[in-house]
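Position 1 is the first residue of the sequence, and the numbers go up from there. All values derive from a computational prediction rather than experimental measurement. For ligands, and for the atoms within them, numbers begin at 1 and follow the listed sequence.
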Amino acid sequence: MPHAARLTALSSPSTDRWPLASTVSDPRRGPGRRPACCAARWTRWGSRGCRPPGWGSPPRSRSSAPCWARAASTCGTRTRPRTCSRRCCVSRWRPTRSPRRATRRWTRTTPARRRWRSSAGWSAHSPAWPGSARPRTACSPRGGSMSNLLAVLIARDLAAARAGVDARRRGVHGLTRPVVFCSELAHFSVQRACAALGLGEDAVVTIGTDQAFRMRPDLLAAELRRPGRTPVAIVATAGTTDYGSVDPLTAIAELARAHRTWLHVDAAYGFGALFSGRLAPLLDGLALADSVTLDLHKIGWQPAATSVLLVADRNRFAALDRSVDYLNPPDDVDAGLDGLLGRSLQTTRRPDAVKVATTLRAYGRTGLGRMLDHCHELARAAAGRIVADGNLELLAPVTLTTVVFRFDADDGVQGEIRRRLLTSGRALIGRTTMPARAGRPATTALKLTLLNPNATPADIDALLDLVVETGRAVLADDLNGEGAA
Ligand SMILES: *Cc1c(COP(=O)(O)O)cnc(C)c1O
């Protein structure tokens with residue numbers, strides 16, 4: 001039976017039809033509500049003595065703040081965070097009416113860029129990211145997939161240069177079978193990056209995972225020892241999209257060093273663990289990476305897409321360098337107007353750094369950590385409820401904020417439950433395929449990605465009630481011969 005898509009906006013939330021609506025419509029709920037300091041204290045950007053909770057000294061700043069400094073209020077949807085409620089103000093804000101001047105002004109010298117540097121410094125200010133190993137430089141591409149692409153591009157050019165090939169000018173055909181290693185649970189953007197960069201998707205060598213969904217270093221070591229290949233990069237995942245599992249970063253970094261291979265850590269989802277004192281130890285070893293992807297539209301509560309690529313050695317950005325007469329001619333560069341052209345494959349870009357800096361200033365690490373801890377607790381509560389519910393089965397332990405589970409029925413029912421919830425407009429939950437393990441074949445699973453800090457365990461119970469109720473309805477329809485074909 002085809003579903004009529006009725007994706008109704010939550011414009012008039014009535015609590016019986018939309019049992020979860022208040023998680024996004026009530027601004028007073030939960031730790032994600034607008035911080036009291038935000039409106040009153042951040043009207044002037046960087047006003048002295050105004051410290052966001054949990055960070056070190058505020059960056060020095062000379063200029064005053066426009067209204068968007070107040071834009072840091074954040075709430076969230078249930079599975080996908082609703083972002084800063086006033087972020088449209090930030091997103092629409094333009095540094096200047098002239099695009100050309102915008103390019104210049106957003107290149108190097110604007111206060112916002114200086115603040116973004118400070119923000120990048122802050123994000124590195126974590127116990128998991130000790131002193132000397134802090135990333136030296138950052139750029140902000142649109143989305144984690146793009147950050148991963150840039151990282152593999154930089155790694156490709158370095159591996160090629162070591163083999164005496166100028167990949168940028170001549171392509172990769174002079175390289176002996178270039179390969180990129182990642183776990184079988186790595187994000188598909190690694191394959192896409194290899195395809196786009198002329199390595200081909202077959203360049204990706206996937207490494208098996210252990211029972212906890214983490215890359216197995218022994219298998220990686222065996223693959224690295226195989227002759228006749230040019231290792232381009234090892235991509236470790238810190239926070240797999242489905243399970244939140246973190247590959248053993250320290251062991252992988254040792255292998256990367258021994259084989260002189262670029263280590264990229266895809267922490268698009270997991271990076272935010274650094275905000276939480278409790279979860280940060282999961283990312284031990286992150287500081288050993290050559291590059292790191294992080295998505296602040298996931299844990300970070302930013303409007304999509306807000307990604308950052310951190311690179312340990314700023315010279316490595318040379319792979320993206322370009323001198324363009326109308327943007328960064330040499331005499332302008334000598335005069336200090338060097339621009340950000342060499343930090344991205346894009347030319348014109350939105351000033352995404354502004355909204356990130358705004359949120360970091362308003363909430364601080366403590367505020368963001370509190371929101372993450374709350375979402376982590378929600379995930380644990382959901383897992384507890386699933387274990388206690390005879391109709392549901394928990395398929396993986398909770399690491400960050402995802403919960404992978406099943407309704408007690410066959411694979412087809414799982415997908416139908418998700419579609420019915422989605423098209424009824426009542427709930428949007430995820431689905432995935434749980435790989436075969438411990439004698440059990442691959443199975444379709446349902447997934448919660450809990451990133452709404454304003455939700456409560458009662459909301460999660462209501463959601464799981466809906467799942468069970470819908471699952472029963474699907475089974476009843478199947479019995480009556482009315483199920484999905
Ligand atoms: C979400 C995600 C990505 C892709 O990020 P986009 O911002 O959606 O492009 C990459 N890697 C991991 C591990 C992710 O969870």
Side-chain angles (χ1 to χ4, degrees), residues 77 79-81 83 91 138-153 155 180-197 201 204 206-207 209 212-215 233-249 252 263-275 279 282-283 285-286 289 291-310 344-346 349-350 352-353 355-356 372 375-376 379 396 398-404 428 430-433 435 445 447-451:
T77 56
T79 57
R80 194 102 170 86
T83 49
S91 295
C139 68
S140 47
R142 303 233 60 180
S145 304
M146 185 56 93
S147 292
N148 285 345
L149 176 89
L150 286 184
V152 178
L153 185 154
V180 170
F181 304 92
C182 64
S183 99
E184 60 188 349
L185 298 175
H187 194 262
F188 65 86
S189 54
V190 179
Q191 272 85 354
R192 281 189 136 182
C194 288
L197 293 169
E201 293 199 10
V204 179
T206 52
I207 310 293
T209 51
F213 308 96
R214 297 150 33 109
M215 189 197 288
I234 300 167
V235 178
T237 310
T240 53
T241 314
D242 286 339
Y243 307 98
S245 49
V246 180
D247 290 340
L249 301 178
I252 293 172
L263 173 59
H264 175 64
V265 177
D266 178 1
Y269 170 39
F271 181 86
L274 287 185
F275 297 136
L279 297 174
L282 282 173
L283 299 188
L286 185 65
S291 55
V292 179
T293 288
L294 53 130
D295 272 3
L296 289 158
H297 56 264
K298 294 176 180 170
I299 298 171
W301 295 278
Q302 297 301 292
T306 311
S307 182
V308 177
L309 175 69
L310 299 172
S344 165
L345 289 175
Q346 292 151 274
R349 284 187 287 156
R350 290 157 58 113
D352 288 323
K355 59 199 184 195
V356 178
L372 174 59
C375 294
H376 177 67
V398 168
T399 306
L400 292 172
T401 67
T402 55
V403 188
V404 181
L428 172 55
R431 70 176 274 185
T432 188
T433 300
K447 181 174 89 164
L448 308 180
T449 302
L450 299 168
L451 283 172

Query raised in the report: Has Ser307 got any heavy atom lying under 4.0 angstrom from an atom of ligand 1?
Result: no

**Report entry** Closest approach of Val265 to Ala238 (non-hydrogen atoms, all atoms of both residues)
**Finding:** CG1-CB, 3.7 Å

Query raised in the report: Just checking, is any N or O donor in the side chain of Ser307 or Asp295 under 3.5 Å from an acceptor N or O on the other one?
Result: yes

Query raised in the report: Are side-chain heavy atoms of Arg214 and Thr209 found at a separation under 4.5 Å?
Result: no

Requested in this report: Give a yes or no on whether the backbone of Ala236 and the side-chain of Asp247 come within a donor-acceptor separation of less than 3.5 Å.
Outcome: no

Report summary line: The closest protein heavy-atom partner of atom 5 (O) of ligand 1 is Asp295 OD2, 3.0 Å

Query raised in the report: Going by the atom numbers of ligand 1, which of them fall below 4.0 Å from some non-hydrogen atom of Gly143?
Result: 7 (O), 9 (O)

Query raised in the report: Is any side-chain heavy atom of Leu185 closer than 4.5 Å to a side-chain heavy atom of Thr237?
Result: no

Query raised in the report: Do other residues, nucleotides or ligands put more than 12 heavy atoms under 6.0 Å from the CZ atom of Arg192?
Result: no

Requested in this report: Would you mind running through ligand 1 and noting each atom that sits below 4.0 Å from a heavy atom of Gly239?
Outcome: 13 (C)

Report task. Check each atom of ligand 1 against the heavy atoms of His297 and keep those under 4.0 Å away; list them by number with element. Result -> 7 (O)

**Report entry** Per-atom contacts, ligand 1 versus His187 - under 4.0 Å to a heavy atom
**Finding:** 2 (C), 3 (C), 4 (C), 10 (C), 11 (N), 12 (C), 14 (C)

Query raised in the report: Can you find an N or O of Thr240 that's nearer than 3.5 Å to an N or O of ligand 1?
Result: no

Report task. Give yes or no for whether the N/O distance cutoff of 3.5 Å, strictly under, is met between Ser145 and ligand 1. Result -> yes

Query - N/O donor-acceptor pair under 3.5 Å between His376 side chain and Thr401 backbone - result: no

**Report entry** Donor-acceptor contact below 3.5 Å, side chain Gln346 vs main chain Ser344
**Finding:** no

Report task. Could you tell me the separation between the NE2 atom of His187 and the OG1 atom of Thr293, rounded to the nearest 0.5 Å? Result -> 10.5 Å

Query - Numbered atoms and elements of ligand 1 in range of Lys298, under 4.0 angstrom, heavy atoms - result: 1 (C), 2 (C), 3 (C), 4 (C), 5 (O), 14 (C), 15 (O)

**Report entry** Top protein contact for atom 6 (P) of ligand 1, by heavy-atom distance
**Finding:** Gly144 N, 3.3 Å

Query raised in the report: Which atoms of ligand 1 are found less than 4.0 Å from any heavy atom of Ala268?
Result: 2 (C), 3 (C), 10 (C), 11 (N), 12 (C), 14 (C)

Report task. Look at the side chain of His297 and the backbone N and O of Thr306, then say whether any donor-acceptor pair between them is shorter than 3.5 Å. Result -> yes

Query raised in the report: Should Met146 be listed as contacting ligand 1, given a heavy-atom distance under 4.0 Å as the test?
Result: no

Requested in this report: Give the residue, atom name and distance (to 0.1 Å) of the protein heavy atom nearest atom 11 (N) of ligand 1.
Outcome: Asp266 OD2, 2.6 Å

Report summary line: ligand 1 atoms nearer than 4.0 angstrom to some heavy atom of Tyr269 are 15 (O)

Report task. Heavy-atom contacts with Thr241 under 4.0 Å: which atoms of ligand 1 show up? List them by number with element. Result -> 12 (C), 13 (C), 14 (C), 15 (O)

